[in-house]
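For reference, the structure is listed below as structure tokens.
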Amino acid sequence: MDANQYLTDYYNRDGEDGRLASRHGSVEFLTTMRYIGRYVKPGDRIIEIGAGTGRYSHALARQGYSVDAVELIQHNIDVFQRYTEPDEQITITQGNALDLSGFADDAYEIALLLGPMYHLFTKEDKQKALREAIRVTKRGGVVFVAYCISDASILVSGFKRKAFSITEFIEKGFIDPRTFSASSEPALLFEIVRKEHIDELMSALPVTRLHYVATDGYAFHMSSEIDSMDNAEFDLFMQYHFATCERGDMAGLTAHSLDIFRKD
């Protein structure tokens with residue numbers, strides 16, 4: 001099956017909205033929005049590449065920013081359009097993160113690449129997506145790139161929830177039994193990496209890293225406990241999370257990370 005067909009089938013069944021809307025899922029959303037808020041300024045233009053159904057694009061447009069969204073999957077575009085409110089300065093275009101030729105160089109102050117790296121499985125494709133996001137960003141602009149991190153997937157989805165067999169994945173070559181470094185393929189939908197893989201990708205690019213953030217930190221490991229928290233306890237958890245999400249020793253525990261860098 002074509003890699004894009006795996007994605008189409010998946011997103012026709014499931015969307016990001018439900019995950020990000022749960023209390024434990026909102027940790028990632030709130031963290032990402034907090035860091036975008038540090039850098040976006042009145043009058044900035046934003047592009048979101050791989051916008052899904054538009055959770056971030058609509059949130060930013062409703063704050064008054066001009067947002068151009070790009071999305072591959074038609075189902076997601078249909079939902080995105082249903083969510084659009086009349087006063088939003090927002091567009092949605094069907095397109096691929098690997099080819100943004102319809103968008104000019106140096107056009108945006110902020111670029112969001114919050115979904116495509118989940119579904120790119122070769123170094124070549126990952127660097128194409130990164131270079132395209134950088135190309136459409138103005139010099140001095142800021143790019144936000146999200147990744148799925150492998151160790152949380154192995155610990156929670158593998159050992160704890162048994163959503164897949166660790167032994168089987170070792171036998172199939174998806175997990176190295178010596179280091180437990182992981183890899184994936186399109187049929188498995190999600191590419192999972194470690195920070196050192198991200199560092200290697202970024203090493204040749206004309207950028208300066210500003211932050212590397214464990215966007216959901218330990219929330220994936222204790223999702224049921226977080227979902228049962230009252231508002232006061234959840235607020236306290238978020239204070240803890242914001243205080244620790246850039247600690248280097250949290251980088252391998254998070255299920256999702258956010259690499260934030262400035263275009264040189």
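What you see is a predicted model; the values in this text were computed from it and never measured.
Taking the six-membered ring for Trp and the full ring otherwise, Phe80 and His58 have centroids separated by under 6.0 Å.
Remark: the backbone N or O of Asp99 is not paired with any side-chain donor or acceptor of Asn96 at under 3.5 angstrom. Between the side chain of Arg209 and the backbone N or O of Phe261 there is no donor-acceptor pair closer than 3.5 Å. Put simply, the side chain of Arg194 never gets that close to the backbone of Ser150: no donor and acceptor are under 3.5 Å apart. A distance-only check finds a donor-acceptor pair linking the side chain of His221 to the backbone of Leu253 [under 3.5 Å]. The main-chain N or O of Ala69 is never found under 3.5 Å from a side-chain atom of Glu48 such that the two would form a donor-acceptor pair. Judged by distance alone, with hydrogens and angles left aside, the side-chain atoms of Glu71 form a donor-acceptor pair with the main-chain N or O of Ile73 at under 3.5 Å. In this structure, Arg135 contributes its side chain and Leu100 its backbone to a donor-acceptor pair below 3.5 Å. Side-chain N or O atoms of Thr254 include none that pairs as donor or acceptor with a backbone N or O of Ser257 at under 3.5 Å. Of the possible donor and acceptor atoms, none in the side chain of Thr215 sits under 3.5 Å from a partner among the backbone N and O of Glu28. With Ser26 contributing its side chain and Arg23 its backbone, the two residues share a donor-acceptor pair below 3.5 Å.
Rounding to the nearest 0.5 Å gives a distance of 10.0 Å between NE2 of His197 and CD1 of Ile192. Between the NZ atom in Lys172 and the OG1 atom in Thr167 there is a gap of 12.5 Å [rounded to 0.5 Å]. Interatomic distance, Leu112 CG to Leu258 CG, rounded to the nearest 0.5 Å: 9.0 Å. To the nearest 0.5 Å, atoms OG1 (Thr122) and NZ (Lys126) are separated by 7.5 Å. Here Asp227 contributes atom CG and Phe234 contributes atom CZ; the two are 9.0 Å apart, rounded to the nearest 0.5 Å. Atom CE of residue Met229 and atom CZ of residue Phe237 lie 6.0 Å apart, to the nearest 0.5 angstrom.
The side-chain heavy atoms of Val142 and Glu109, taken from C-beta on, include no pair separated by under 4.5 Å. Contact of the Leu98 side chain with the Asp125 side chain is registered, since non-hydrogen atoms from C-beta on lie closer than 4.5 Å. Residues Asp68 and Val70 fail the side-chain proximity criterion, which asks for heavy atoms closer than 4.5 Å. Counting heavy atoms from C-beta on, the side chains of Thr32 and Phe144 never come closer than 4.5 Å. Side-chain atoms of Ile154 and Ile175, non-hydrogen and from C-beta on, do get closer than 4.5 Å to each other. Counting only heavy atoms from C-beta outward, the side chains of Tyr147 and Leu201 approach each other to under 4.5 Å. Side-chain contact between Phe121 and Ser183 is absent, with no heavy-atom pair separated by less than 4.5 Å. Contact check for Gln89 versus Val67: no side-chain heavy atoms found under the 4.5 Å cut-off.
When all heavy atoms are compared, the tightest approach of Ala104 to Ala107 is O-CB, 3.7 Å. Residues Asp216 and Ala255 share a closest heavy-atom pair of OD1-N, 3.1 Å. Closest approach of Ile170 and Pro177 over heavy atoms only: CG2-CB, 3.9 Å. When all heavy atoms are compared, the tightest approach of Leu188 to Ser184 is CB-OG, 3.4 Å. Nearest heavy atoms, Asn76 versus Gly52: CB-O, 3.5 Å. Of all non-hydrogen atoms in Thr53 and Tyr83, the two that sit nearest each other are O-CD1, 3.6 Å.
In terms of the side chain to side chain donor-acceptor pair (under 3.5 Å) criterion, Gln81 has no residue partners (sequence neighbours excluded). Scanning for side chain to side chain donor-acceptor pair (under 3.5 Å) contacts around Asp264 gives Thr208, with sequence neighbours left out.
Put simply, Val207 and Tyr39 are part of two different groups of oily side chains (I, L, V, M, F, W, Y) that touch within less than 4.5 Å, one to the next. By the criterion of side-chain heavy atoms lying less than 4.5 angstrom apart, applied directly or through intervening Ile, Leu, Val, Met, Phe, Trp or Tyr residues, Met250 is not grouped with Ile149; the two fall into different hydrophobic clusters. Cluster annotation: Ile49 is not connected to Tyr56 through the hydrophobic network of ILVMFWY side chains, with a link wherever side-chain heavy atoms come within less than 4.5 Å. Residues Leu114 and Ile46 share a single hydrophobic cluster, defined by chaining ILVMFWY side chains whose heavy atoms lie under 4.5 Å apart. Val193 and Leu205 end up in the same hydrophobic cluster when Ile, Leu, Val, Met, Phe, Trp and Tyr side chains are linked at under 4.5 Å.
Both tests pass for Arg161 against the ring of Phe220: distance under 6.0 Å to the centre and angle within 45° of the axis. Both the sub-6.0 Å distance and the 45° axial angle are not jointly satisfied by Arg45 relative to the ring of Tyr65. Annotation: cation-pi pair Lys138/Tyr108 absent, no NZ/CZ under 6.0 Å from the ring centroid and within 45° of its normal.
Residues Asp199 and Lys195 are paired through a salt bridge, judged by an N-O separation under 4.0 Å between the basic side chain and the carboxylate. The pair Lys128-Glu132 fails the salt-bridge criterion, with no side-chain N (NZ, NE, NH1 or NH2) lying under 4.0 Å from an Asp/Glu carboxylate O. With respect to Lys263 and Asp106, a salt bridge is recorded, a charged nitrogen being found less than 4.0 Å from a carboxylate O.
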Quiz item: Does the pair His119 and Glu191 meet the rule for a side-chain contact (heavy atoms from CB on, under 4.5 Å), with working shown?
Solution: CA-CA 6 Å; His119 306 300; Glu191 170 74 320; over 6 Å; no

Practice problem: Under the side-chain hydrogen bond (donor to acceptor under 3.5 Å, both in side chains) rule, what do His24 and Tyr218 come out as? Steps first, then yes or no, please. | Solution: CA-CA 10 Å; His24 73 273; Tyr218 209 66; over 6 Å; no

Practice problem: I would like to know whether Asp235 and Gln239 meet side-chain hydrogen bond (donor to acceptor under 3.5 Å, both in side chains); could you show each step before the answer? | Solution: CA-CA 6 Å; Asp235 287 346; Gln239 290 177 43; over 6 Å; no

Quiz item: Does the side-chain contact (heavy atoms from CB on, under 4.5 Å) test come out yes or no for Arg62 and Asp87, once each step is laid out?
Solution: CA-CA 8 Å; Arg62 289 166 193 170; Asp87 59 347; 5.7 Å; no

Practice problem: Evaluate side-chain contact (heavy atoms from CB on, under 4.5 Å) for Glu233 paired with Ser228, printing each intermediate quantity in order. | Solution: CA-CA 10 Å; Glu233 189 175 14; Ser228 67; over 6 Å; no

Practice problem: Might you work through the side-chain contact (heavy atoms from CB on, under 4.5 Å) test for Thr31 and Val213, ending with a clear yes or no? | Solution: CA-CA 9 Å; Thr31 305; Val213 183; 3.9 Å; yes

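Ring geometry for Tyr35 against His211 counts as perpendicular: the plane angle is over 60°, on a 0 to 90° scale with 30° as the lower cut. Aromatic ring orientation, Phe164 versus Phe169: parallel (interplanar angle below 30°, classes split at 30° and 60°). Using the six-membered ring where Trp is involved, Tyr118 and His256 have ring planes that are tilted, between 30° and 60° apart.
Taking a 6.0 Å sphere around NZ of Lys160, one finds it holds more than 12 heavy atoms contributed by other residues, nucleotides or ligands.
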